[in-house]
Visitor: 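This is the structure, below, for whatever I ask next.
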Amino acid sequence: MQPIDLLRELSDAFGVSGFEDEVREVIRAHVSPHVDSVTVDALGNLIAVRKGKDDRALMLDAHMDEVGFIVKWVDDKGYVRFAPLGGWDERIIGGHRVVLKTRDGRKRIGVIGSAPPHILSADERAKPIPMDKMFVDFGATSRQEASDLGVEIGDPFTIHYPFAEVADGYVTGKALDDRAGCAVLIETARRLADVKLPMTTAFCFEFGEELGLRGATTAAFHVDPVLALAVEGTIGADMPGIAEESQPTRLGRGPALSVADRSIVVSPKVVRLLEKLADEGGIPYQYKLPTYGSTDAGAIHLSRGGVLSGIVSVPCRFIHSPVSTLRLNDFENAIRLVTAFVRSAPNGLA
Ligand code: CO
């Protein structure tokens, strides 16, 4: 399978935070052939392990969850009120199509609606509509009809745009944060399948990152690594109206190395190693400007007695909005860098 097709399958899979079953099964199918064991912990993290010469563990992390919403009320006309699961830009979610997963696994299509502009006052039109004034129309005309469609309080849904190629080497999908990271881990496992690994390597696909690094917290305890690398789809902001010094990453300049974000100051030892591996491999890279966003590395590095942790990211535009985009060359170069990291671990670091 080509990396772009893996990205497509992962991006299109459903996996709102706390409801990751579908995407987890996609990941399991792709990673299982390349590892010695696969386990799913009580909270839903998928942990795939390759034994290495050194029993101590290297933890690779990507989160499989995506931002979404949860049904909080169905009114007697069948309209759904909702709350966010993860951080959305409220100003831009209205007017989009959503996919809801019912309790028995069916998919329902709905539309996030709000009062038509024609009937709003000039004042109301000038302001963004708050999320608690929006609703989802699933086509039901009563609470009972909504229930017959399978729509109930507690059901997860998200804005769904199918994966597509925008231009050559430039793709769009709904959940590239962090399905890009999941795809990097799977490709890394695949490319190293016939290589004897220096360290036991745990490929960890975490639940609930968007709710506060939840999966990484428990997975890191379980794996007990001495070294870790989180792989993210991060904030690409090279776009009109944003000054260069405020663009956390730029597309097409290679994978981004984090030096510090809001959840961690990365040990310079880890950053220097990643720079060296990139230089040796002829892999372009950039720095993710400090200190935007949080990553699973924030949770992992504070696990137990502390874990030396780094972050490599694929720059993605428009994350935490209804769509996201990335350049395949950044994605490919992230795979090459993470692969080099695994091959060289622990490289004097642990
Ligand atoms: Co993310």
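Order of appearance sets the numbers: ligands from 1, and atoms from 1 within every ligand.
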Visitor: For the backbone of Leu289 and the side chain of Gln247, can you confirm whether one donor and one acceptor N or O come within less than 3.5 Å of each other?
Guide: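 Looks like no, no N/O pair under 3.5 Å.
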Visitor: Between His96 and Tyr161, does the ring centre distance come in under 6.0 Å?
Guide: yes
Visitor: Report yes or no: is the cationic atom of Arg327 (NZ for Lys, CZ for Arg) closer than 6.0 Å to the six-membered ring centre of Tyr170, at no more than 45° off its axis?
Guide: yes
Visitor: Going by side-chain contact (heavy atoms from CB on, under 4.5 Å), Phe205 matches just one of Glu20, Arg28, Met64. Which one?
Guide: Met64
Visitor: Report the protein N/O/S neighbours of the Co ion (ligand 1) that fall below 2.8 Å; do not count waters.
Guide: His63 NE2, Asp177 OD1, Glu232 OE1, Glu232 OE2
Visitor: Would you give me the side-chain donor-acceptor pairs under 3.5 Å for residues 307-315, sequence neighbours excluded?
Guide:
| residue | atom | partner | partner atom | Å |
| --- | --- | --- | --- | --- |
| Ser309 | OG | Val307 | O | 2.8 |

Visitor: Let's go through Asp75 and Lys77 carefully: what are the C-alpha distance in whole Å and the side-chain angles of both, what is the deciding distance for salt bridge (charged side-chain N to carboxylate O under 4.0 Å, His left out) to 0.1 Å, and is it a yes or a no?
Guide: CA-CA 5 Å; Asp75 72 18; Lys77 298 280 189 277; over 6 Å; no
